[in-house]
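Note that these values count all heavy atoms, side chains included, but never hydrogens, waters or copies made by symmetry. On a predicted model such as this, the values are computed, not experimentally measured, just so you know.
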Amino acid sequence: MYVDEDRLIRDLKRGVRSAQQWLYERERLPLYRMCLRYAKDVQEAEDFLHDGMLKALQEIGKYRSEGALSGWVRRVVLNQILQELRRRPKLVSDELAPDRYLEPESLLEEELSQISGQEIHRLVCQLPTGYRTVFNLYYMEGLGHKDIAAQLQISEGSSKSQLYKARIHLRKSILKKYPHYQYRTS
């Protein structure tokens, strides 16, 4: 329906329902995939998507046409997700207890390449919320620890610790499911 993005934006800012529906349908699948990465289950991902899109439509007046509309909507939805996660008690733990026997850096590309993307996604979704959130922000959103710390209102050290723990947890999960990799990482 909307070939002209400028017209879509004008209609969105005027509150035209068909423009809102069109934007939702266009952005729903990629945003839902992003929401799944941060959610503990499908229902929570759907809630994240719903709340995030409502926030984007409420704040569409703040969009200044600097960059793609889809990128702006994605940032609004992600910020809404992070705001919800920050409201939860103790999103991340501050302590660092390194496991010297399982260095996450020793995960070999060859091992990961033999695991399907779907399986990797499933393993990431099983991470505790704090680990999963920092892992996704670092690897999927490309944020550095300083930016993650600002987004989650934690220290940079906590961000680094959570990422380290996420890697350890993932490595243990991979080795548990695929024990034949263990001999390569010793």
Side-chain angles (χ1 to χ4, degrees), residues 1-94 117 120-121 124-166:
M1 175 181 172
Y2 284 93
V3 177
D4 180 17
E5 185 113 334
D6 291 332
R7 181 173 161 230
L8 171 63
I9 294 166
R10 278 193 310 273
D11 284 355
L12 287 169
K13 288 182 177 184
R14 288 190 354 232
V16 175
R17 186 90 170 117
S18 60
Q20 294 171 341
Q21 184 64 34
W22 194 87
L23 178 68
Y24 177 82
E25 289 302 322
R26 182 180 86 174
E27 302 298 331
R28 180 176 48 89
L29 188 56
L31 290 174
Y32 179 69
R33 287 181 181 142
M34 179 184 70
C35 292
L36 275 173
R37 289 196 305 266
Y38 294 91
K40 67 180 180 278
D41 56 31
V42 171
Q43 182 60 50
E44 186 174 57
E46 290 171 359
D47 291 345
F48 284 163
L49 176 63
H50 178 264
D51 294 347
M53 283 301 293
L54 279 177
K55 183 77 165 179
L57 292 173
Q58 290 168 351
E59 294 190 358
I60 193 68
K62 295 179 181 179
Y63 176 66
R64 301 288 175 235
S65 298
E66 297 168 356
L69 176 62
S70 59
W72 180 85
V73 170
R74 178 182 166 80
R75 281 189 304 279
V76 171
V77 173
L78 178 58
N79 287 337
Q80 184 67 25
I81 291 169
L82 296 178
Q83 184 177 5
E84 172 59 32
L85 292 175
R86 280 191 304 264
R87 284 188 202 124
R88 297 179 183 177
K90 200 67 170 163
L91 174 64
V92 299
S93 65
D94 292 327
I120 293 170
H121 174 75
V124 169
C125 286
Q126 291 176 352
L127 291 171
T129 303
Y131 298 1
R132 183 178 62 243
T133 302
V134 172
F135 184 90
N136 282 317
L137 289 171
Y138 188 84
Y139 286 108
M140 304 306 290
E141 309 302 332
L143 297 181
H145 289 293
K146 184 176 183 176
D147 294 328
I148 293 170
Q151 286 284 333
L152 298 179
Q153 299 171 355
I154 60 174
S155 71
E156 276 186 68
S158 290
S159 175
K160 291 175 184 178
S161 171
Q162 293 299 295
L163 182 61
Y164 180 85
K165 291 175 184 179

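Glu84 contributes atom CD, which lies 8.5 Å from atom CG of Asp47 (distance to the nearest 0.5 angstrom). Taken to the nearest 0.5 Å, the CD1 atom of Ile9 stands 11.5 Å off from the CZ atom of Arg64. For the atom pair CZ (Arg33) and CG (Leu49), the distance works out to 12.5 Å, reported to the nearest 0.5 Å. Of the inter-residue distances, the one linking Arg75 atom CZ with Gln80 atom CD reads 15.5 Å to the nearest 0.5 angstrom. Annotation: the span from Ile81 atom CD1 to Arg37 atom CZ amounts to 8.5 Å, rounded to 0.5 Å. The NE2 atom of His50 sits 12.0 Å away from the SG atom of Cys35 when rounded to the nearest 0.5 Å.
In this structure, the side chains of Lys165 and Leu127 stay at 4.5 Å or more apart for every pair of heavy atoms. Looking only at side-chain heavy atoms (C-beta outward), Tyr139 and Leu163 come within less than 4.5 Å of each other. Counting heavy atoms from C-beta on, the side chains of Asp147 and Leu137 never come closer than 4.5 Å. Looking at heavy atoms from C-beta onward, Leu57 lies in side-chain contact with Leu23 at the 4.5 angstrom threshold. Counting heavy atoms from C-beta outward, His121 and Leu36 have side chains that approach closer than 4.5 Å. In this structure, Ser70 and Arg26 have side chains that are in contact, with non-hydrogen atoms separated by less than 4.5 Å.
Taking the ring centroids of Tyr131 and Phe135, they lie at or beyond the 6.0 Å cut-off.
The shortest non-hydrogen separation linking Tyr32 to Ala45 is CE1-CB, 3.9 Å.
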Hey, can you pull the donor-acceptor pairs under 3.5 Å for the side chains in residues 12-22, sequence neighbours left out?
unit_1	atom_1	unit_2	atom_2	d
Lys13	NZ	Tyr63	O	2.9
Arg14	NH1	Asp11	OD1	3.2
Gln21	NE2	Glu25	OE2	3.1

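Residues Asn79 and Gln83 have side chains that never bring a donor and an acceptor to within less than 3.5 angstrom of each other.
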Residue pair Trp72, Glu59: steps toward the side chain to side chain contact (heavy atoms under 4.5 Å, CB included) verdict: CA-CA 11 Å; Trp72 180 85; Glu59 294 190 358; 4.3 Å; yes
What's the verdict on side chain to side chain contact (heavy atoms under 4.5 Å, CB included) for Met34 and Asn136, showing C-alpha distance, side-chain angles and the deciding distance? CA-CA 9 Å; Met34 179 184 70; Asn136 282 317; over 6 Å; no
Before you tell me yes or no, could you show the steps for Val77 and Lys55 under side chain to side chain contact (heavy atoms under 4.5 Å, CB included), namely the whole-Å CA-CA distance, both residues' side-chain angles and the distance that decides it to 0.1 Å? CA-CA 7 Å; Val77 173; Lys55 183 77 165 179; over 6 Å; no
Could you go step by step and tell me if Ile148 and Thr133 meet the side chain to side chain contact (heavy atoms under 4.5 Å, CB included) rule? CA-CA 9 Å; Ile148 293 170; Thr133 302; over 6 Å; no
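Side-chain atoms of Arg132 come within 3.5 Å of backbone atoms of Cys125 as a donor-acceptor pair (strictly under, hydrogens ignored).
In summary, of the residues considered (Ser159, Ser158, Ser155, Ser161), a side chain to side chain donor-acceptor pair (under 3.5 Å) with His145 occurs for Ser159 alone.
Gln153 meets the side chain to side chain contact (heavy atoms under 4.5 Å, CB included) test with Arg86; sequence neighbours excluded.
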